[in-house]
Amino acid sequence: QSQLVESGGGLVQPGGSLRLSCKASGFTMDYYAIGWFRQAPGKDREQIACVTSTGTTTYHADSVKGRFTISRDSAENTVYLQMNSLKPEDTAVYYCAADGLFRLCARWEEYDYWGQGTQVTVSS
């Protein structure tokens, strides 16, 4: 059984930082493109960052560009989302997803695996 698990969320004050982790077990993450999504209450799900299976190409949504960075570590079978300069509007549940067809920024429903989500709350 394959698993994809997010961690690293929590409560942080505006301007603070968090690093989210997306760790795979039961499969090798190097063979999957990865996307990070978030969904805030009352808002549509938003894909905020993606990375190819090789890690050579990345995408960051305008809403997070310059503040968030996606990266991957093959040795740890993990993809990270470094979040800096956090704002209250970043409050959401954050999900990672893995695509075995190697697409950059596939649609939510096209991904093969999804994590359970990790809550990020930015508040003073």
Side-chain angles (χ1 to χ4, degrees):
Q1 179 172 281
S2 299
Q3 292 186 334
L4 197 65
V5 179
E6 306 96 334
S7 62
L11 175 64
V12 64
Q13 294 187 348
S17 297
L18 286 172
R19 188 180 72 165
L20 304 185
S21 299
C22 175
K23 185 174 179 63
S25 60
F27 67 97
T28 301
M29 190 170 278
D30 282 351
Y31 300 144
Y32 291 80
I34 304 296
W36 280 101
F37 293 80
R38 68 182 182 186
Q39 187 161 28
K43 296 183 179 180
D44 292 335
R45 187 184 304 109
E46 177 188 19
Q47 187 160 200
I48 56 171
C50 318
V51 62
T52 58
S53 59
T54 62
T56 57
T57 304
T58 62
Y59 161 84
H60 298 85
D62 288 342
S63 58
V64 305
K65 191 175 297 182
R67 300 187 298 119
F68 293 9
T69 304
I70 190 171
S71 62
R72 57 194 310 156
D73 187 326
S74 295
E76 296 187 12
N77 208 27
T78 300
V79 173
Y80 300 99
L81 184 68
Q82 178 67 46
M83 306 187 296
N84 299 325
S85 301
L86 284 162
K87 305 174 181 179
E89 51 263 45
D90 295 319
T91 296
V93 178
Y94 285 72
Y95 303 88
C96 63
D99 173 24
L101 293 180
F102 320 120
R103 292 169 289 190
L104 181 68
C105 300
R107 299 182 185 91
W108 172 261
E109 61 270 22
E110 293 176 323
Y111 283 91
D112 297 301
Y113 303 104
W114 304 264
Q116 83 288 350
T118 185
Q119 177 72 47
V120 172
T121 302
V122 185
S123 176
S124 60

Backbone N or O of [Y] within a donor-acceptor pair of the [X] side chain at under 3.5 Å?
X	Y	result
Gln47	Ala106	yes
Asp99	Arg107	no
Gln13	Ser124	no
Thr118	Tyr94	no
Gln116	Val5	no
His60	Gly66	no
Asp73	Thr78	no

In the structure I gave you, are the side-chain heavy atoms of Gln119 and Thr91 within less than 4.5 Å of one another anywhere? yes
Could you walk me through whether Tyr59 and Ile70 pass the side chain to side chain contact (heavy atoms under 4.5 Å, CB included) check? CA-CA 8 Å; Tyr59 161 84; Ile70 190 171; over 6 Å; no
Give the minimum heavy-atom separation between Asp62 and Lys65, together with the two atoms involved. OD1-NZ, 3.4 Å
Closest heavy-atom pair and its distance - Leu18, Leu86: N-CD1, 3.9 Å
How far apart are the C-alpha atoms of Leu20 and Val120, what are their side-chain angles, what is the distance that settles it, and do they pass the side chain to side chain contact (heavy atoms under 4.5 Å, CB included) test? CA-CA 9 Å; Leu20 304 185; Val120 172; 4.0 Å; yes
Taking side-chain contact (heavy atoms from CB on, under 4.5 Å) as the definition, give me every residue that meets it alongside Arg45, ordered by chain and number, with sequence neighbours left out. Phe37, Gln39, Trp108
If you measure only the distance, is there a donor-acceptor pair under 3.5 Å linking the side chains of Thr54 and Thr52? yes
Please determine whether residues Tyr32 and Tyr95 belong to a single hydrophobic cluster, defined as Ile, Leu, Val, Met, Phe, Trp and Tyr linked transitively by side-chain heavy-atom distances below 4.5 Å. no
Between the side chains of Lys87 and Asp90, is the shortest nitrogen-to-carboxylate-oxygen separation below 4.0 Å, so that they form an ion pair? no
Selection residues 73-110 - residue pairs positive for disulfide (SG to SG under 2.5 Å), sequence neighbours left out: Cys22-Cys96, Cys50-Cys105
